[in-house]
Every structure is written in structure tokens, then in C-alpha cells.
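Worksheet: one structure, shown below.
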Amino acid sequence: MPPQGRLLIAAYLPESWLVRFIDENITEATAADFNWADLVFVSGMHIQAPQIHDIAKRAKRAGKVIVLGGASVSGAPELYPEFDYLHIGEIGDGTDRLIDCLDESVAPPLAQMRFETKERLPLYDFPLPAYNLVHLEHYLIGSLQFSSGCPYRCEFCDIPALYGRQPRLKTPEQITDELNEMLKQPGHPSVVYFVDDNFIGNRKATREMLPHLIDWQRRHGYPLQFACEATLNLAKQSEILSLMRQAQFLTVFVGIETPEVDALKAMRKEHNAARPMMEAIKTLNSYGLEVTSGIILGLDTDTADTESRLKEFIDLSEIPILTINLLQALPRTPLWDRLKRAGRLIADDTGLESNVRFLRSHDEVVAMWRRCVTYAYDPERLFARFAYQVDATYAHRIDVPVRGKLTIRNLREAVVLGFNIVLWVGLLSNYRVSFWRAARRALKRGQVDAALGMGLVAYHLIQFSREALRGDQNASFYSTRSHARTRPIASRLEDVAEPIK
Ligand code: SF4
């Protein structure tokens, strides 16, 4: 996804400043880029801390003044002593003071200077993110922000401390303006993800915004599909769900975290149990929404039964994609404070998979994570869950005209994707029988997109679980420990043909 926060900052900088925007997820900044700049602005999340330090080193080597903002430094400024300027918090009065200071002089300060936002800029005053500075065709999914903040207080989450508990909002017109801007680029992605911490943090505002989105889709021939993240009590909001269906929301990420109700209570996420969990998931499916679930292992409430309960949950929920993570304590969370008091925080440089001293042994928890990932992404089971979605979820989506999607990028992608899926998954892989069983069911219902989508996603997930088994993958997506390696294309054949364990 294009990085929303950086696109926003790029748009907010004074018009007289020339901005060169580089997303190092796509391409590295070159020596020429560093030489061109007076200042290097950097941003990232905790998991990107090693890259943030690396960029700082390269920029310093080029003799540049460096500024750091974003989620990681806002949560833990002490991690970044090498930066000249720190921007802490969201865009707001701190940003204005930083810009004034740099407008005066770009000479390095004698000591590190910090600018902290006390008064946030209201979202309705946000400028249009600088989508014009990125090539959207380089991204699989587009990103869009409608709100910031979440009213809940889950123990492990830093959103309430960083972004507040009173969700702040953009206007519907801002949203449609941003969509118009994305559409200007012929190669824009066909899926746009609402990056809001909780899409129904303010239900009234969501209900009022959605009709504008539906109207925009109708006027443009439904060029986009949407995804978002929300709490499971979305299942109680039938009006919002019906509007989401009409707007072409196809996927919702839900931080289910654990199927164990006592564990949800302990982490203060009891709102996920507001309705029986399976019933809530089936309700979301009935509005055409495929659920992606976040799961956490290593909780204090884990017992010897946790693994079997999670496996049972995977089977009963029929959720195809689950991000199964080990608990990680983030700064500025109640969890961090509690574990610190108990002396249970571990330094990041220990090479362990998490910074939490679990109540059970570390090796036992990591081994359980490996077994659960292997279980979830066993090809037979994974494709059976996709096959279930064909009738339970995909069949409930509205039929939309193809006019809006007839772009050169979409046609090119469909051909390339179709060829690769048939070759790598449908012919060469040792899970091709399971794939064709699920794909046939989708194709019989005319769901060509779904058949290709399940092939693509399953290929990635099966590969991920095989890398996890080899110890080449992180057990926590939030850990700064880096395992994940880019594998050469030549090794793909070995991967798809690796025996199923
Ligand atoms: S509901 Fe989600 S965003 Fe809100 S506090 Fe809990 S984990 Fe964080």
C-alpha cells in the first residue's frame, strides 16, 4: 500500500519546498537523491526500525540533516538519538513549528530538537495526500484514511494513546476527492483499503459517509473494491453492512485475537464477544464480506488447550486468511506498562521472537505458533475454506457493471495473473488438486476473480508457512527481528514442489 502518512506530510509541506518522495518498500533512495536534498524526512513503524536507522546512516554519510516522524518515533523517541529533528505525534502544531524552524535554516542543530504536536490538525483540514508523487501502479492495494482514533482500550494496542479515543473524521467530499485523484492514474490499483484504526469507531459518521461512496461508485461504473478493518461488533450494524455491500466492500480485517472469551476480557476486548463469535462471522459473510482475522498467541491466559481451541476456531469459522502473531508489547500501551512493572519486557536485540517474557516457555510458544501456522495453511484445509467462501460469502456480493474496471492495467494484470496462477499453482504445485477443487466451485458460479484471487493468496500463504517451518519467517509481524528473506525466482519451483507436511 502507498504510505498514507508520508503522502500527507508531503502534501502539507510549504509549496515553495521541492519534494522528492521515495518509498523504500519499492525502491532505495540513491546517492543522487541524497545529494539533491537539503533535508531528509524519514518515517516508519517499529518493525521498520532497522531500516530507519539504515536510512539515517546513509543520509548522514551524504552530510544531510535528518528529520524523523511517524508511528515508531511517536511511541518511542528514545530509540532514535541519531536524528537531528524528531516529530512526535500526529500532524498539527508540532508540524508547523518544525516547518518554521527548517524554513529559517537547514543547518544541523547543536543537539537533537523535538517537536511534539499538542493540538492535532482536524482531519477535515487535511490536504489531499500527494498521490501525484507516487506511481500507484507500483502498489497492489491503494490506501485511504477516513478516520483516526478508536474508542476502545485494548490492552496491547497503542492506537488510543497515539491517536485518541474520540475518532476524528474527514468529510465525505474529501474521500471522493481522493478517489478522483487516484483514478487520474490509469494504473491505479483496483482495491482500496481504508486504513482507519476502526472503520466503525464513529458509527454515525460511517453511516453518513457510505451513501457518498455508493453514489461515487455508481457514477464511475464501480471502478474500485474496498477493504477496511473493524471490530467484530460490526455484525450488529445491519444498516452499515448493507451500505458497505452496496459500496463494494469485499474484505474486512477483524482483530479477533483469540476465540477464548476469558482471554478477550483479560485484554479488555470483550466487545468482540458482544455476539457469539461464529454467528458474527457468518453475519459478515452474508453481506459478502470475507473476514481476515488477526490472532495473538503468547497471552498470559494461554493454556495447554489454546492450540486446540485455535485450530477448532480455524475450522469452524472457515476464515481463509489469519495473521497469527506472537504477543508483542508496544510502547505507550497498558500492556507495556504492566509488563514493565513485572520485569517482563525483553530488549529487542536478544534475537527472540518477541519482547515479552511469556508465562509459558518461549520455545513452547514459538513451537505452538509454528504448528498453528502449519495447520492453518495446510493446502487442503486452506482451499476447503476458500471453497466454503464461494457460497457463503462471494455469492452474496452485488453484481456490478464491468465498465469501470475495463482499464489497461486490469486487463494486463488479469492475463499475467491468470497465466501465473495456472502455471505455478494449477500445474506445477503439489497442491494443484486442492486448488482446482476450490477454483472449479468458484468458476461454476462465474466467480473468475475469486478463483484467481484464491490461487494468488494461497500461493503466498503456503509459501509463508513453509518458510515459517524452516525458521525463515518472523513469528510476530511487529517484531524488529528480521528473518524474512527475498528468495530468488529460481527457487520458486522448489517451493511449490516441496512435500506437504
Ligand atoms: S478495537 Fe482495535 S484499534 Fe481499537 S483499541 Fe482495540 S485493537 Fe486498538
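As the structure lists them, so they are numbered: ligands from 1, and atoms in each ligand from 1. Keep in mind that this is a model prediction, so the values were computed, not measured. Computed over heavy atoms, backbone and side chain alike; hydrogens, waters and symmetry mates excluded.
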Would you be so kind as to tabulate the donor-acceptor pairs closer than 3.5 Å made by side chains of residues 155-164, with sequence neighbours excluded?
residue	atom	partner	partner atom	Å
Glu155	OE1	Arg338	NH2	3.3
Glu155	OE2	Arg338	NE	2.6
Glu155	OE2	Arg338	NH2	3.4

Salt bridge check: are Asp300 and Arg344 linked by an N-O gap of less than 4.0 Å?
-> yes
So, Glu318 and Lys282, do they make that salt bridge, N to O below 4.0 Å?
-> no
Tabulate below the donor-acceptor pairs under 3.5 Å that side-chain atoms of residues 199-206 make, not counting sequence neighbours, or state none.
residue	atom	partner	partner atom	Å
Asn202	OD1	Lys204	N	3.3
Asn202	OD1	Ala205	N	3.0
Lys204	NZ	Glu208	OE2	3.1
Thr206	OG1	Phe199	O	2.8
Thr206	OG1	Asn202	O	3.0

Considering only distance and modelled atom types, tabulate donor-acceptor pairs under 3.5 Å from the side chains of residues 231-241, sequence neighbours left out.
residue	atom	partner	partner atom	Å
Thr231	OG1	Asn198	ND2	3.3
Thr231	OG1	Asn233	OD1	2.7
Asn233	ND2	Tyr152	OH	2.9

Please name the pair of heavy atoms, one in Leu382 and one in Pro320, separated by the smallest distance, quoted to 0.1 Å.
-> CD1-O, 3.4 Å
What protein N/O/S atoms sit under 2.8 Å from atom 4 (Fe) of ligand 1, by chain and number?
-> Cys150 SG
Does some non-hydrogen atom of Glu257 fall short of 4.0 Å from ligand 1?
-> no
Counting from 1 in the order shown, the ligand 1 atoms closer than 4.0 Å to a non-hydrogen atom of His271 are 1 (S)
Residue and atom name of the nearest protein heavy atom (relative to atom 2 (Fe) of ligand 1), distance in Å to one decimal | Lys269 NZ, 4.0 Å
Lys/Arg-Asp/Glu bridge criterion (N-O < 4.0 Å) met for Arg309, Glu312 = no
